[in-house]
Undergrad: 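Encoded as structure tokens, here's the structure I'll be asking about.
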Amino acid sequence: MSYQPDLIQEIDSMDVETLKRAMINRLIYSIGKDPLETSHRDWFLALAQVVRDRMTLRWMETMRGYYLGDVKRVYYLSMEFLIGRTLRNSLLNMGFYDEFIQAIEEMGMDLDSIRIMEEEAGLGNGGLGRLAACFLDSLATLHLPGFGYGIRYEYGMFAQSIENGYQIERPDNWLRYGNPWEFARTEVIYRVQFRGHVAAQHDSQGRLCHQWLDTEDVMAMAFDTPIPGHGGQTVNNLRLWAAKATRDFDLKYFNEGNYIKAVDGKNRSENLSKVLYPDDTTEMGRELRLKQEYFFVSASLQDIMIGFESDGGHPVEDLPNEVAIQLNDTHPSIAIPELMRILLDKHGLDWDKAWDITCRTFSYTNHTLQPEALETWPVKLMEALLPRLLLIIYDINQHFLREVSNRHPGDLDLIRRVSLIDEDGGRRVRMAYLAIVGSHKVNGVAKLHSELMKTTIFRDFAQIFPDRFINITNGVTPRRWLNHSNPALSNLITRAIGPTWVDDLSRLKELTPLADDKTFLKEFLEVKHGNKARLAEMVKRRHGVELDPDAMFDTQIKRIHEYKRQLLNVFHIITRYNRLRANPNLDCPKRCVILGGKAAPGYRVAKLIIKLINDVADTINHDPVVADKLKVWFAPNYNVSRAMELIPAVDLSEQISMAGTEASGTGNMKMTINGALTIGTLDGANIEIREEVGEDNIFIFGKTAAEIQELFQRGYNPWDYYYANAELQQVLDMIGNGYFSMDEPLRFRPLFDELLHNGDRYALLADYQSYIQVQEEVDKLYQTPEEWARKAVLNVARSGYFSSDRTIGEYASQIWNVLPVLPTDDVRLPERWND
Ligand code: 26V
């Protein structure tokens with residue numbers, strides 16, 4: 001069939017009457033519901049379609065523009081995309097939020113009761129997954145030809161509830177009612193091979209050829225989600241893969257008459273994309289995880305190569321000029337040997353040519369220095385599951401080690417250290433090393449992290465490839481994290497400096513003079529108070545917990561991890577409690593301490609920390625002596641939607657990881673742009689936040705990364721700190737001896753033991769005193785609201801650097817070499833389409 005533009009009904013009108021008509025018609029004809037008998041969910045599903053309809057043509061035009069322009073594209077490979085809800089985001093980015101609200105109100109509904117029916121797309125653990133989602137928003141906003149590739153998990157991040165103070169996990173069946181944003185591409189389906197064996201033969205020209213035979217295959221089926229940028233002109237694509245059984249399965253067993261076994265086998269292969277791994281450290285080696293990694297990588301590369309080959313007939317040598325592939329941590333790094341396999345086994349290239357193409361195509365971002373989070377796979381497992389890939393990894397290793405030994409003859413220890421195969425303690429493939437060797441650029445996510453990468457975990461590689469290592473500091477999208485989630489502050493900013501900050505966050509600096517404008521400061525304080533009151537109302541309604549909006553909202557929200565030191569926060573809470581008990585008239589502002597975050601289901605200590613927070617909260621919140629001075633609340637099920645509610649209400653942002661452990665942090669940035677002051681260590685991006693906002697406008701405490709290193713080198717003894725500080729000793733004894741767990745006095749002994757008998761790996765005791773002192777300064781400042789507001793406004797004004805638009809701009813120019821593609825008219829009138 002030929003393309004007939006006149007037949008296309010362009011659905012782009014955004015006036016209120018048309019929207020109303022579309023809504024009711026979608027409800028009837030797409031959802032199949034009688035308007036007289038509907039639920040909020042039916043309406044959500046109908047309304048989402050109305051919104052998606054208005055993105056769809058722009059999306060096709062964007063894709064067409066990339067194709068016709070034959071432009072270089074970037075593919076962002078990530079095991080996680082932590083997107084959250086989409087409805088409001090799309091409305092605001094597409095630019096018809098107000099009309100939409102008016103339409104639903106005229107139909108007798110309100111946005112809030114409908115928008116909360118949307119299940120959030122929680123396809124990520126935390127920072128790394130949310131970063132990927134911010135990047136998608138920025139890529140589209142900057143009109144860059146960027147495509148996300150990942151896994152369409154049927155179950156995302158587990159839902160957390162708190163029962164009797166303990167974390168309980170419930171499965172997140174987010175697709176239960178369908179996903180209105182995605183298009184299932186039943187025809188875009190690729191075969192992914194596993195197991196089997198490799199046959200090597202010489203071809204007619206005497207070259208060695210490899211065939212991967214007798215494999216057990218799984219199909220990968222595409223689901224596409226449009227990603228609108230701000231302004232709605234560019235709409236990019238996120239492609240997620242779902243596992244489907246092959247037809248071979250059916251044939252083999254059905255023909256044998258074994259119906260039950262056939263269906264069982266089908267189920268087993270489809271399990272591959274069933275669930276997101278809820279752990280961001282520890283305990284690797286699970287076969288299913290490696291299968292997930294290879295599954296989505298293999299499907300994505302097949303798709304990328306088809307796109308490349310259909311695009312302008314380039315020779316395969318041109319791949320790095322047409323395609324950039326970014327590896328979001330090591331999880332997709334099996335893509336490096338996989339591209340080699342395609343180039344060697346399918347295209348018949350020789351090794352050197354294939355390797356040159358591969359290295360110029362890939363780049364790798366590292367997101368953690370925690371040694372236990374660096375992925376390695378047992379050689380045995382890889383041999384069984386991906387035999388052809390293991391052979392290629394061996395070859396990569398051999399070439400690499402030969403080069404190293406040419407440059408450093410006789411340095412056998414260096415060879416052992418940098419080998420892609422760890423020969424100690426059972427042979428394992430070091431995936432981070434593979435990612436470095438096969439990429440042309442390797443970046444960390446904040447200045448300190450990038451430096452430490454070069455001096456610690458990747459020291460040898462930084463010497464071997466000095467030009468390969470760069471820094472690109474993280475950012476967050478100001479659309480979702482300010483404009484959408486904090487309308488009150490956004491309006492105040494827009495009234496002051498106009499609306500352009502939304503896609504040029506550096507313009508926030510125009511607020512600087514207003515930090516000395518008393519009227520503006522008063523308005524700023526009113527906005528913050530309003531946000532806190534709104535949060536308090538929500539918390540009261542949902543949880544029956546009272547938060548006083550006149551109190552300082554002191555907040556630590558992030559995954560629960562020992563290195564993030566939620567326990568140090570608890571030390572401060574208990575210290576404050578003890579001081580108030582000893583002197584109920586202590587002159588300090590009222591604080592409401594909010595903590596939230598999930599612990600990995602198998603992470604014992606993290607789960608015990610959650611229980612401790614809840615037990616401490618229980619004791620304090622029931623003690624009338626401190627009632628109007630201190631309150632503690634653990635916010636259950638922290639996720640993207642909760643973050644959007646909490647962050648606008650934060651006064652004090654807790655970023656208190658041990659220096660040298662938090663790669664960047666992005667919650668720190670979100671709170672800064674929302675006018676919170678930070679109390680933090682010189683860790684991750686906190687350092688750059690201090691540089692931007694100025695040291696008078698942030699509360700820094702604790703040892704630096706260098707001092708921490710020195711402390712442990714010298715031989716750190718936590719007992720020295722225990723005996724030197726009576727308040728600290730009291731706090732630890734209360735935790736260890738059951739003051740907060742009278743029903744089970746030894747409940748928190750493991751925490752006490754971690755700290756005092758197990759060496760206090762994260763130096764909480766060493767940083768305690770400095771933390772408490774700086775908390776006193778925080779108190780003092782909070783007692784002069786105008787001074788506080790002045791600093792908070794300066795924080796907002798100087799936070800423009802932390803936009804993910806800036807971050808993506810740096811990736812585009814320093815790594816990918818891709819250019820924006822501005823929407824033009826000829827993609828809308830594609831005369832050339834029929835050719
Ligand atoms: C590792 C694993 C291994 C087991 C299976 C599941 C899983 C999931 C994630 C990870 C790696 C986690 C690394 C990570 O999330 N890093 C965070 O990245 C943020 C964005 O760059 C950064 O702001 C945080 O500081 C950093 O902790």
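All values reported here derive from a predicted model rather than from experimental measurement. In listed order, ligands and their atoms are each counted from 1. Residue indices begin at 1 and follow the sequence shown. Hydrogens, waters and symmetry mates are skipped; everything else that's a heavy atom, side chains included, is used.
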Undergrad: According to the interplanar angle, ranging from 0 to 90°, do the rings of F461 and F465 count as parallel (below 30°), tilted (30 to 60°) or perpendicular (above 60°)?
TA: parallel
Undergrad: With respect to E662, determine whether any N or O atom, backbone or side chain, lies less than 3.5 Å from an N or O atom of ligand 1.
TA: yes
Undergrad: Tell me, which pairs form a salt bridge (Lys or Arg N to Asp or Glu O under 4.0 Å) where one or both residues lie in residues 435-448, sequence neighbours left out?
TA: K447-E691
Undergrad: Say whether S664, considering both its backbone and side-chain N or O atoms, lies within less than 3.5 Å of an N or O atom on ligand 1.
TA: yes
Undergrad: Could you tell me whether E695 atom CD has more than 12 heavy atoms of other residues or ligands within 6.0 Å of it?
TA: no
Undergrad: Identify, by atom number and element, the atoms of ligand 1 in contact range of R289, meaning under 4.0 Å from any of its heavy atoms.
TA: 5 (C), 6 (C), 7 (C)
Undergrad: Would you say H331 contacts ligand 1, with heavy atoms under 4.0 Å as the rule?
TA: yes
Undergrad: Which of the numbered atoms in ligand 1 are under 4.0 angstrom from any heavy atom belonging to A663?
TA: 25 (O)
Undergrad: If you draw a 6.0 Å radius around CZ in R268, do more than 12 non-hydrogen atoms from other residues or ligands fall strictly inside?
TA: no
Undergrad: Could you tell me whether ligand 1 has any atom less than 4.0 Å away from a heavy atom of E80?
TA: yes
Undergrad: Within the 4.0 Å heavy-atom shell around Y563, which atoms of ligand 1 are there?
TA: 27 (O)
Undergrad: Decide if the gap between the ring center of F296 and the ring center of W241 is smaller than 6.0 angstrom.
TA: no
Undergrad: Going by heavy-atom distance to atom 20 (C) of ligand 1, choose the closest among T365, N474, D279.
TA: N474
Undergrad: Could you list which atoms of ligand 1 come closer than 4.0 Å to a heavy atom of G127?
TA: 19 (C), 20 (C)
Undergrad: In terms of ring plane angle, is the pair Y771 and H572 parallel, tilted or perpendicular, where the classes change at 30° and 60°?
TA: perpendicular
Undergrad: Any atoms of ligand 1 less than 4.0 Å from a non-hydrogen atom of N125? List them with their elements.
TA: 8 (C)
Undergrad: Does R417 have more than 12 heavy atoms from other residues, nucleotides or ligands lying within 6.0 Å of its CZ?
TA: yes
Undergrad: Number the atoms of ligand 1 from 1 as they appear, then name those within less than 4.0 Å of a heavy atom of V445, with their elements.
TA: 21 (O)
Undergrad: For G665, is the nearest heavy atom under 4.0 Å from an atom of ligand 1?
TA: yes
Undergrad: Is R130 salt-bridged to E120, cutoff N-O under 4.0 Å?
TA: no
Undergrad: At under 4.0 Å between heavy atoms, which part of E375 makes contact with ligand 1: side chain, backbone, both or neither?
TA: neither
Undergrad: Table please: side-chain donor-acceptor pairs of residues 146-156 below 3.5 Å, with sequence neighbours left out.
TA:
| from | atom 1 | to | atom 2 | distance (Å) |
| --- | --- | --- | --- | --- |
| Y149 | OH | D303 | OD2 | 2.5 |
| R152 | NE | E182 | OE1 | 2.9 |
| R152 | NE | E182 | OE2 | 3.4 |
| R152 | NH2 | E182 | OE2 | 2.8 |
| Y153 | OH | M79 | O | 2.8 |
| E154 | OE1 | K274 | NZ | 3.4 |

